[in-house]
Amino acid sequence: MGDEIRRNMALFPIGIVMKLTDLTARQIRYYEQHELIMPARTSGNQRLFSFNDVERLLEIKSLIEKGVNIAGIKQVLSPVNKESDDATVLNEHTEVKRRELTDKQLHKMLKQQLLGGNRRGQVSLIQGELSRFFNP
DNA sequence: CTTCTAACA
DNA sequence: TGTTAGTA
């Protein structure tokens, strides 16, 4: 997968990302504080977002709109890897560590249910076990 | 002019 | 989250 370096290449400042995601700078920085994203920084401490960062923000936005809180999003979205996600280490081709199989599959299922529109016959998970991840 | 951090009428 | 202050 060679396109990964391009997807993880930090390119745009927060202003562009705001327009691309319809999120406020406040929200974007807030999500970074909670480690939902880890954009690179310029020498002047300016944030530089990669394509992956933008896509991740869109997923976060989608989840927020569905009423999922930060804690819940952390469970659904795969944890950010500073190595593979940060553009400052693009030269070091690091591998994304695989998480436990069963956990990974569960996360994928939850992500599909939360991001994709709920399809018939699969609301039990969200209404049951996952209720604690949603806002009151 | 754009972005950053910190803080709160 | 919004928003503002004071910088860089």
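Residue numbers start from 1 in every chain, and the chains themselves are labelled A, B, ... in the order their sequence lines are given, proteins ahead of strands.
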Give, for atom [atom1] of [X] and atom [atom2] of [Y], the distance between the pair rounded to the nearest 0.5 Å.
| X | Y | atom1 | atom2 | answer |
| --- | --- | --- | --- | --- |
| A:Ile60 | A:Ile73 | CD1 | CD1 | 6.0 Å |
| A:Arg26 | A:Ile14 | CZ | CD1 | 11.0 Å |
| A:Gln46 | A:Arg41 | CD | CZ | 8.5 Å |

Quiz item: Taking atom P of B:dT3 as reference, at what distance in whole Å does atom OH of A:Tyr30 sit?
Solution: 22 Å
Self-check item: Integer-rounded Å distance: B:dA6 C1' and A:Asn45 CG
Solution: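 From A:Asn45 CG to B:dA6 C1': 13 Å.
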Can you give me the N/O atom pairs linking the protein to nucleotides 7-9 of chain B at distances under 3.5 Å, or say none if there are none?
none

Practice problem: Any pair with a residue in residues 8-21 of chain A that passes salt bridge (charged side-chain N to carboxylate O under 4.0 Å, His left out), sequence neighbours left out, goes on the list, sorted by first then second residue, please. | Solution: none
[X]: side-chain contact (heavy atoms from CB on, under 4.5 Å) partners, not counting sequence neighbours:
| X | answer |
| --- | --- |
| A:Glu35 | none |
| A:Gln27 | A:Leu23, A:Thr24, A:Tyr31 |
| A:Leu11 | A:Met9 |
| A:Ser43 | none |

Quiz item: So where does chain A start and stop touching DNA chain C, 5' to 3', when the test is distance under 4.0 Å to a non-hydrogen atom?
Solution: C:dT1 to C:dT3
Practice problem: Give a yes/no on whether any side-chain N or O of A:Arg47 is located under 4.0 angstrom from OP1 or OP2 of B:dT3. | Solution: no
Quiz item: Could you spell out the base pairing of DNA chain C in dot-bracket, with Watson-Crick or G-U pairs whose two distances are under 3.5 Å, [ ] crossing and | to another strand?
Solution: .|||||.|
Self-check item: Nucleic acid contacts of residues 11-25 of chain A, taken as heavy-atom distances under 4.0 Å to DNA chain B
Solution: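 Under 4.0 Å from DNA chain B: A:Pro13, A:Ile14, A:Gly15.
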Exercise. Please check if the side chain of A:Gln75 supplies one atom and the backbone of A:Ala71 the other of a donor-acceptor pair under 3.5 Å.
Key: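 Confirmed, A:Gln75 side chain pairs with A:Ala71 backbone.
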Exercise. Using modelled atom types only, decide if a donor and an acceptor are shared between the side chain of A:Ser62 and the backbone of A:Leu58 within a distance under 3.5 Å.
Key: no
Practice problem: Run through A:Gln33, A:Glu32, A:His34 and flag the one making a side chain to side chain donor-acceptor pair (under 3.5 Å) with A:Tyr30. | Solution: A:His34
Quiz item: Any salt bridge between A:Asp53 and A:Arg56, counting N to O under 4.0 Å?
Solution: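 No.
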Quiz item: For A:Lys111, which residues count as a salt bridge (Lys or Arg N to Asp or Glu O under 4.0 Å) partner, sequence neighbours excluded?
Solution: A:Glu59
